[in-house]
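Just so we're clear, the structure is a prediction, and the values are computed from it rather than from any experiment.
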Amino acid sequence: MTTTLGPSTAGRVVRDETVPARAAFSAHLRAGQSLTITDLHGNQAADFLVYDAHDTGVRYSAPDTIQAQGNIFLTTGSVLLSGEHTPLMTVVEDTCGRHDTVGGACSKESNTLRYGHHTFSQHACVENFLAEGSRHGLGKRDLVSNINWYMNVPVEQDGTLGIVDGISAPGLRVVLRAETDVLVLLSNCPQINNPCNGFDPTALQVTVTDPDGGQAA
């Protein structure tokens, strides 16, 4: 399935895939290439991790990113920083408005704690990250606090977090430019016990493009 690309994703498309509900995705991007994540049906969370492609010990750091921008939410202009405070990717377009950095990834263990033992057999984002990451030599020790694109996690004045109905809609997208060669992992969130996916996980679209005049790998 292909959607029309807007001006910020102009350039040669080198990869364009629909990620089915509950599935995982990974890709290597060269510096300057862009990754577009499109919420095809609306209200679908996309859990996300990014690593330096040449040294996966250099990876996305939520504390560094939050501290540098002075905001727990991501949107256009946000720079995803590593633990070494080096830029990995920049949000160059966001038609949703804001995205979560603190809600974390669902897992069999957290599902059991929050929703009851009967949920233990349900697939979760941590399992997606482990399975997809293993294709690139990554393991459990390589999982860090992740980004949740399109997930709505408001923070109350007393610090209480909530996972509530999303603010996304069909066709909204976020576009990320690689500032260095990166490896990205994405879990199309399988969660059905809270509103992050409208209790009905759906497909996402991911598109990798070269900058204008770029050459495909």
Any donor and acceptor pair, going by atom type alone, linking the side chain of Asn197 with main-chain N or O of Cys189 inside 3.5 Å?
yes

Hey, what do you get for OG1 (Thr101) to CD1 (Ile66), rounding to the nearest 0.5 Å?
3.5 Å

Which heavy atom of Gln191 sits nearest a heavy atom of Pro201, and at what distance?
O-CG, 3.8 Å

With sequence neighbours excluded, what pairs up with Gln157 under the side chain to side chain contact (heavy atoms under 4.5 Å, CB included) test?
none

To the nearest 0.5 angstrom, please state how far the CE atom of Met89 sits from the CD1 atom of Ile147.
9.0 Å

Can you check whether Asn71's main-chain N or O pairs, donor with acceptor, with Gln69's side chain at less than 3.5 Å?
yes

Partners passing salt bridge (Lys or Arg N to Asp or Glu O under 4.0 Å) against Arg22 (at least two apart in sequence or in another chain):
none

Return each pair, listed once, that meets ring pair (Phe, Tyr, Trp, His ring centres under 6.0 Å) where at least one residue sits in residues 188-207; pairs must be two or more places apart or across chains.
none

Between Thr18 and Gln205, a side-chain donor and acceptor under 3.5 Å
no

Quick one: do Tyr60 and Tyr51 end up in the same hydrophobic cluster if we chain Ile, Leu, Val, Met, Phe, Trp and Tyr together by side-chain heavy atoms under 4.5 Å apart?
no

Look up atom NE2 in His41 and atom CG in Leu172, then write down how far apart they are to the nearest 0.5 Å.
13.0 Å

Considering all heavy atoms of both residues, which atom of Ala46 and which atom of Leu204 are nearest to each other, and what is their separation?
CB-CD1, 3.5 Å

Set of residues satisfying salt bridge (Lys or Arg N to Asp or Glu O under 4.0 Å) with respect to Asp94, sequence neighbours excluded:
none

Keeping Asp100 on the side-chain end and Asn148 on the backbone end, is there a donor-acceptor pair under 3.5 Å?
no

From Phe129 CZ over to Ser26 OG, what is the distance, rounded to the nearest 0.5 angstrom?
11.0 Å

Nearest 0.5 angstrom please: Ile192 CD1 to Asp200 CG, how far?
9.5 Å

Only pairs under 3.5 Å count here: list side-chain donor-acceptor contacts from residues 174-187, not counting sequence neighbours, and write none if there are none.
| residue | atom | partner | partner atom | Å |
| --- | --- | --- | --- | --- |
| Arg177 | NE | Glu179 | OE2 | 3.0 |
| Arg177 | NH2 | Glu179 | OE2 | 2.8 |
| Glu179 | OE2 | Thr90 | OG1 | 2.7 |
| Asp181 | OD1 | Ala31 | N | 2.9 |
| Asp181 | OD2 | His54 | NE2 | 2.8 |
| Ser187 | OG | Asn128 | ND2 | 2.9 |

Quick one: name the residues clustered hydrophobically with Val79, using the 4.5 Å side-chain heavy-atom rule over I, L, V, M, F, W, Y, and just say none if it's on its own.
Leu81

Value rounded to 0.5 Å, distance of SG in Cys106 from CD in Glu127:
8.0 Å

By salt bridge (Lys or Arg N to Asp or Glu O under 4.0 Å), which residues pair with Arg141, not counting sequence neighbours?
none

Under a 3.5 Å threshold, yes or no: a donor from one side chain and an acceptor from the other, between Asp39 and Gln44?
no

Considering only residues two or more places apart or on different chains, which pairs with a residue in residues 11-35 satisfy ring pair (Phe, Tyr, Trp, His ring centres under 6.0 Å)?
His28-His136

Hey, does Leu74 have a side-chain heavy atom less than 4.5 Å from the side chain of Phe48?
no

Residues at least two apart in sequence or cross-chain that pass side chain to side chain contact (heavy atoms under 4.5 Å, CB included) with Ser61, listed by chain then number, are Pro63, Asp64

Quick check: closest heavy atoms across Thr202 and Asn188, and the distance to 0.1 Å?
O-ND2, 2.9 Å

With side chain to side chain contact (heavy atoms under 4.5 Å, CB included) as the test, pick out the partner of Val126 among Asn146, Leu143, Asp47.
Leu143

Return yes if some donor-acceptor pair links the side-chain N/O of Arg59 with the main-chain N/O of Thr56 below 3.5 Å, else return no.
yes

So do Asn43 and Ser168 actually touch side chain to side chain, heavy atoms under 4.5 Å?
no

Quick check: does any side chain N or O of Gln33 sit under 3.5 Å from a backbone N or O of Arg30, one acting as donor and the other as acceptor?
yes

Set of side chain to side chain contact (heavy atoms under 4.5 Å, CB included) partners for Ser145, sequence neighbours left out:
Ala62

Could you go through Leu29 and Leu35, starting from their C-alpha distance and side-chain angles, then the distance that decides it, and tell me whether this counts as side-chain contact (heavy atoms from CB on, under 4.5 Å)?
CA-CA 8 Å; Leu29 278 76; Leu35 176 73; 3.8 Å; yes

Among Thr36, Val208, Thr209, Thr207, whose side chain to side chain contact (heavy atoms under 4.5 Å, CB included) with Asp16 holds?
Thr207

Can Val144 be reached from Leu80 by stepping across I, L, V, M, F, W or Y side chains whose heavy atoms are under 4.5 Å apart?
no

Applied to residues 75-101, the ring pair (Phe, Tyr, Trp, His ring centres under 6.0 Å) test, sequence neighbours excluded, yields His99-Trp149, His99-Tyr150

Partners meeting side chain to side chain contact (heavy atoms under 4.5 Å, CB included) with Arg98 (sequence neighbours left out):
Phe73, Asn152, Pro154, Ile167

